[in-house]
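Heads up, the thing below is written out as structure tokens.
Only heavy atoms go into these numbers, but all of them, side chains included; no hydrogens, no water, no symmetry mates. All chains are named by letter (A, B, ...) in the order of the sequence lines, taking the proteins before the strands, and each is independently numbered beginning at 1.
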Number of protein chains: 2
Amino acid sequence: MPASTRASGEAPLRAVAERRRAGRPSSAVLDKAGITAAALKLIEKNGYDGLTMAALARSLNVAPSALYNHVTSKDDVLLLVEDHLAALVDVSSFGREPWEEAVRQWAWSYRDVFAQHTPLIPVIAVLPVTDAPQTLAMYETVSAGFRNAGFPPEQIIPAIVALESFIFGSAYDVTAPADIFDPGDMASRTPSFTGAVESLARLGHDKPADVAFTLGLDALISGFGALRS
Amino acid sequence: MPASTRASGEAPLRAVAERRRAGRPSSAVLDKAGITAAALKLIEKNGYDGLTMAALARSLNVAPSALYNHVTSKDDVLLLVEDHLAALVDVSSFGREPWEEAVRQWAWSYRDVFAQHTPLIPVIAVLPVTDAPQTLAMYETVSAGFRNAGFPPEQIIPAIVALESFIFGSAYDVTAPADIFDPGDMASRTPSFTGAVESLARLGHDKPADVAFTLGLDALISGFGALRS
DNA sequence: CCACTAAATGAATGCCATTCATTTATACGA
DNA sequence: TCGTATAAATGAATGGCATTCATTTAGTGG
């Protein structure tokens, strides 16, 4: 649009976050979906430290207080993000693959998604599923997979919870620094530990967290498989 | 000490946090051990929300900035607390009981300690062991237990990491609200999940987290036991 | 003895989530 | 159709937070 077509009093084209005047706008600026998307974009760019209510508001070209018409707290924003991510977890193997394989693929996918979002884990862990429909949908698919695989109904939730606990803990491992197990100057006083660390290092895995995850996941799957009838 | 023995200008006996004047005191007021103890007391009384640098300073009758002569950050305080707790984890079964039993007792103790301190978990997970001598000592005892039980050296660390991941995830479960799995008004659309939740509830366990922990721990122990030679 | 360093105070800084009064626009019920 | 309740925005607080810095005082090593 050439400048000549603009009325004289009109705001300039540059997307300089022209300030909205006070009062309810004709059409709503915010909704939960938009807040969720903006939060995710912010997290991707600046990490969870960059996710502040002020930054979120700014990225939506809105005053911070406006957010509170749509969410009750920052934890509420984290909950929205969490539920969005739950939909990204791959449960498609259930009903397509044998139970062992389905669990394996679900678990890897679940871990990979939340390894990028560990600050959500303390929130999820205490989160009533009622408030997270996508998360609930994931549980439903997984529960059905366990039921169809012949699990006694009362064992299904404990088995899923145990797997989830392992998955969340393992998500932290992914982000741990490579030298986390370097005993430093205590090496001589911790021979067994130091020896174990060194013999593992000698294998030269590029993703040590994956070794532990594979090991634990295999144990859980074969242990739980024995419960089926 | 009777009042009459006190000089006239002396401060009153009441522990009313008489203000110290600026400048280095004759004998040091703070040290890491004292800071750790005060932090733990504060956490016990008011939880982790109550652990602020200001509150910590006040409980030590000191200005907040004085803390920074002994720790570099609040995370540093959390690290001190973590390492103190690591010493409370019971590793005494290693060398006394058979491997399976020793792992079981260590895992329960580890989970129970950190279930009361879940805000530390994100810190521990990324923590280089160099900075935490008590934690390192725990690893040494456990590693020696695995080695003596016939584990291949390069499998020891992955096995411990997998167990630890499960333990940390399970620590969160302990603190979860009882109704965390209530599907609410989505119940009709999540029949498998709802059925699983109900059939577990029918058993009436008073500590549901313990059911999942037992199940997962048994699977991990029997799975890992197969690695021994 | 003197300079350096250690360990405290006290005052600031900047950021943060959240609240509240106010403004404006829409939706619904009489 | 009016007019009141409600929804959704602004803008200005508020109080708490971790952390920093200048300053003061006391011990310590050359």
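- If you check residues 32-40 of chain B against DNA chain C, you find no residue with a heavy atom closer than 4.0 Å.
- Judged as a side chain to side chain donor-acceptor pair (under 3.5 Å), and not counting sequence neighbours, the contacts of A/T194 are A/T190.
- Axis angle, first five pairs versus last five pairs of the helix from C/dC1-D/dG30 to C/dA30-D/dT1: 0°, rounded to 10°.
- The distance from atom CZ of A/R20 to atom P of C/dA25 is 13 Å, rounded to the nearest whole Å.
- Open room surrounds CZ on A/R58; 12 or fewer heavy atoms of other groups in view lie less than 6.0 Å from it.
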Practice prompt. Using a 4.0 Å cut-off on protein heavy atoms (strictly under), produce a 5'-to-3' string for nucleotides 14-22 of chain C with B for base contact, S for backbone-only sugar-phosphate contact, and - for none.
Written response: --SSBBB--

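- Note: A/W108 and A/F213 have perpendicular aromatic rings, judged against thresholds of 30 and 60 degrees for the angle between ring planes.
- Without hydrogens or angle criteria, B/D76 side chain to B/T72 main chain gives a donor-acceptor distance under 3.5 Å.
- Looking at residues two or more places apart in sequence or on another chain, you find a side chain to side chain contact (heavy atoms under 4.5 Å, CB included) between A/V142 and A/V91, A/F94, A/W106, A/M138, A/F146, A/I160.
- Residues that satisfy the side chain to side chain contact (heavy atoms under 4.5 Å, CB included) test with A/A137, not counting sequence neighbours, are absent from this structure.
- A/S59 meets the side chain to side chain donor-acceptor pair (under 3.5 Å) test with no other residue; sequence neighbours excluded.
- With sequence neighbours excluded, the residues that form a side chain to side chain donor-acceptor pair (under 3.5 Å) with A/S165 are B/D173.
- Residues that satisfy the side chain to side chain contact (heavy atoms under 4.5 Å, CB included) test with A/A39, not counting sequence neighbours, are A/L51, A/L56, A/V77, A/V81.
- When side chains are defined from C-beta on, B/E140 does not count as touching A/P183, because their heavy atoms never get closer than 4.5 Å.
- With rounding to whole Å, B/L56 atom CG is found 12 Å from D/dC17 atom P.
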Discussion item. Checking A/F181 against A/L200 for the side-chain contact (heavy atoms from CB on, under 4.5 Å) test, could you report, in this order, the C-alpha distance in whole Å, the side-chain angles of both residues, the deciding distance, and whether it holds?
Written reply: CA-CA 11 Å; A/F181 286 133; A/L200 173 61; over 6 Å; no

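- In terms of phosphate contacts, A/R21 brings no side-chain nitrogen or oxygen within less than 4.0 Å of OP1 or OP2 of D/dT10.
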Output side-chain donor-acceptor pairs under 3.5 Å for residues 109-134 of chain A, partner residues at least two apart or in another chain, one line each.
from, atom 1, to, atom 2, distance (Å)
A/S109, OG, A/D90, N, 2.8
A/Y110, OH, A/E164, OE2, 2.6
A/R111, NH1, A/D210, OD1, 3.1
A/R111, NH2, A/D210, OD1, 2.9
A/H117, ND1, A/Y48, OH, 2.6
A/T130, OG1, B/D182, O, 2.7

Using a cutoff of under 3.5 Å, can you pull out all pairs of nitrogen or oxygen atoms linking the protein to nucleotides 2-7 of chain C, with atom names and distances?
from, atom 1, to, atom 2, distance (Å)
C/dA6, N3, B/R24, NH1, 3.4

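- Listed by chain and number, the residues in a side chain to side chain contact (heavy atoms under 4.5 Å, CB included) with B/A55 are B/L42, B/T52 (sequence neighbours excluded).
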